[in-house]
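Proteins get letters first, then strands, A, B, ... in listed order; numbering begins at 1 in each. Quick caveat: nothing in here was measured; it's all calculated off a predicted structure.
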Number of protein chains: 2
Amino acid sequence: MFARISTSFAEFPGIFGESDPKGGAPIRVNLNEFSYKKGAEIFGEKEPADYVYQVATGAVRSYKLLSDGRRQIGAFHLVGDIFGLEIGTEHRFTAEAIIDTTVRLLKRRSLELVAESDAKVARNLLSMTTSNLRHAEDHMLLLGRKTSLERVAAFLIEMDHRSTAAGILALPMCRRDIADYLGLTLETVSRALSRLHDLGILNFIGNNQRQIVLRDRDKLASYDLQH
Amino acid sequence: MFARISTSFAEFPGIFGESDPKGGAPIRVNLNEFSYKKGAEIFGEKEPADYVYQVATGAVRSYKLLSDGRRQIGAFHLVGDIFGLEIGTEHRFTAEAIIDTTVRLLKRRSLELVAESDAKVARNLLSMTTSNLRHAEDHMLLLGRKTSLERVAAFLIEMDHRSTAAGILALPMCRRDIADYLGLTLETVSRALSRLHDLGILNFIGNNQRQIVLRDRDKLASYDLQH
DNA sequence: CGAGGGATTGACCGTAGTCAATGTGGGTGG
DNA sequence: CCACCCACATTGACTACGGTCAATCCCTCG
């Protein structure tokens, strides 16, 4: 299911912070890279959380399933994002590669060891957990109280903020993934996107339904009520 | 809006952990108690987060509002629960007393100071944030993918687990609060409770619709699909 | 005893879900 | 190289779950 790419000692940006400008040696730990084919599972819910992951290339979805197959995607992880960070012993989500993906991985144990002596690393762990919490809290509001159009608008705005090419979105995920992230069906997502297109708010690039140009962000934002 | 009750030096259980069995002096910090009348706001979203709170008596709801008044309650805080703990500088929820409530409060600044030198306190902060995150993640699944009956069943089970008197629930919150927690309307909550009553799963104690006896937890649990 | 908040229940409505048909592009194998 | 297949997306028709609106009941409190 995965291929081992390389083993190296390298930085794992985001946890250890920026390299020390005062000349201290940057922290280096044993880092592996692994590649996963589109659709491959990176780890499963309830599995022991021995590693922390960072997306090097590709994209990842984290989700929970109900016993009858209903799925809720809790987050998408794009290049640079760290995921699979658990404080308890087991993963609370299943993580899958949305497209062919390479991740860097780091033994949780070594991270904990560093955190014990380095208050800065410990604070970074807390701040990453907090930002996950903030995202989940905002997403509860979306899932509990927003209409389908508002959800899709909020999704596009979120993706726009996270994308490097401003105004142009190259979505790695299919409509079903978006739907399971927004608590909708894929048909409803499709209809909302068509509606936003008809309203002149977005265009599709060529015939690729996953490449989107945001033509009117202000109008788009007006469908994403802020709290 | 609130009345000052007392000022004292006392423990704030849950952050500093159990008192040290090895005879070390228990950590003591300046602690105030405040009381809030039913419905009173304890702090508002976007306000600076200068304090951390613990429910001494009563119950609290934390919520976000959309600009048109739609409300999503993110959590209920019962006796002993800590809330209002932010890592950033401002609150991400509004907190209100559901019934007459007394809270203990602690200056965030002093907590941070203790956390800097005491790794145990720092770890407790992380573990509390993590348990908030876990709750939010589970709630996303509920809000995104569960039916109204499943949501109400899950709510009752959650309250049952948190209540001391097993099998008997004395809910402090009204139907609207429950609805805004579950992403439903109060009518839908009421209908679901009536349905569960008709199914022989619960009874109301006397004429008080907020006191509930769980008669058949297994059947109740069967409506709350686990993931 | 009256007012008012909270809960239940019924009738109806509307948003999003379901089911199904059709379109389209990319990848594969003959 | 091209034909076929399959995954993905769109769109339409219909359904249904939960929302809306309204009437009624009941308890608490002043």
Nearest-Å distance for atom pair CG/C1', residues A:Asp198 and D:dT10: 12 Å
Separation of atom CD1 in B:Ile99 from atom P in D:dC29, rounded to whole Å: 13 Å
Sugar-phosphate, base or nothing in reach of A:Leu186, heavy atoms under 4.0 Å: base
Among D:dT20, C:dG6, D:dT10, the one nearest B:Arg191 by side-chain distance: D:dT20
Distance in angstrom units between A:Leu184 CG and D:dA9 P, rounded: 15 Å
A:Gln209, nearest nucleotide to its side chain (from D:dT10, C:dG17, C:dT8): D:dT10
Side-chain (A:Arg210) to main-chain (A:Leu171) donor-acceptor, under 3.5 angstrom: no
Selected nucleotide, minimal atom distance to B:Ser194 side chain, candidates C:dA16, C:dT9, D:dT10: C:dT9
Shortest side-chain distance from B:Cys174, nucleotide among D:dA9, C:dA7, D:dG19: C:dA7
Phosphate OP1/OP2 of C:dG6 contacted by B:Arg176 side-chain N/O (<4.0 Å): no
Phosphate OP1/OP2 of D:dG18 contacted by B:Ser148 side-chain N/O (<4.0 Å): yes
Within 6.0 Å of CZ in A:Arg70, more than 12 heavy atoms from elsewhere: yes
Lys NZ or Arg CZ of A:Lys107 over A:Tyr51 ring: under 6.0 Å, within 45°: no
Value in whole Å for how far the C1' atom of D:dA7 lies from NZ of A:Lys38: 7 Å
Rounded distance (Å) that lies between atom C1' of D:dC17 and atom CZ of A:Arg70: 13 Å
Ion pair A:Glu90/A:Lys46, N-O distance below 4.0 Å: no
Gap between atoms CG and P, on A:Leu202 and D:dA9 respectively (whole Å): 15 Å
Nucleotide C:dA16, atom P - distance to NZ of A:Lys146 in whole Å: 14 Å
Sugar-phosphate, base or nothing in reach of B:Gly206, heavy atoms under 4.0 Å: nothing
Nucleotide nearest A:Glu187 when distance is taken to its side chain, options C:dG17, C:dT8, D:dT11: D:dT11
Residue pair A:Lys64 / A:Arg92: nearest heavy atoms and the distance that separates them: NZ-O, 2.9 Å
Nearest-nucleotide comparison on DNA chain D, the residue closer to the 5′ end among A:Arg145 and A:Arg210: A:Arg210
Pairwise 5' ranking along DNA chain C for A:Thr185 and A:Asn207, keeping only the more 5' one: A:Thr185
Whole-Å distance separating the CG atom of A:Asp177 from the C1' atom of D:dA7: 13 Å
For A:Gly84 against A:Phe43, the heavy-atom pair lying closest together: CA-CZ, 3.6 Å
Nearest-nucleotide 5' precedence on DNA chain C, B:Phe204 against A:Asn208: B:Phe204
Side-chain N,O (B:Thr188) to OP1/OP2 (D:dG19) below 4.0 Å: yes
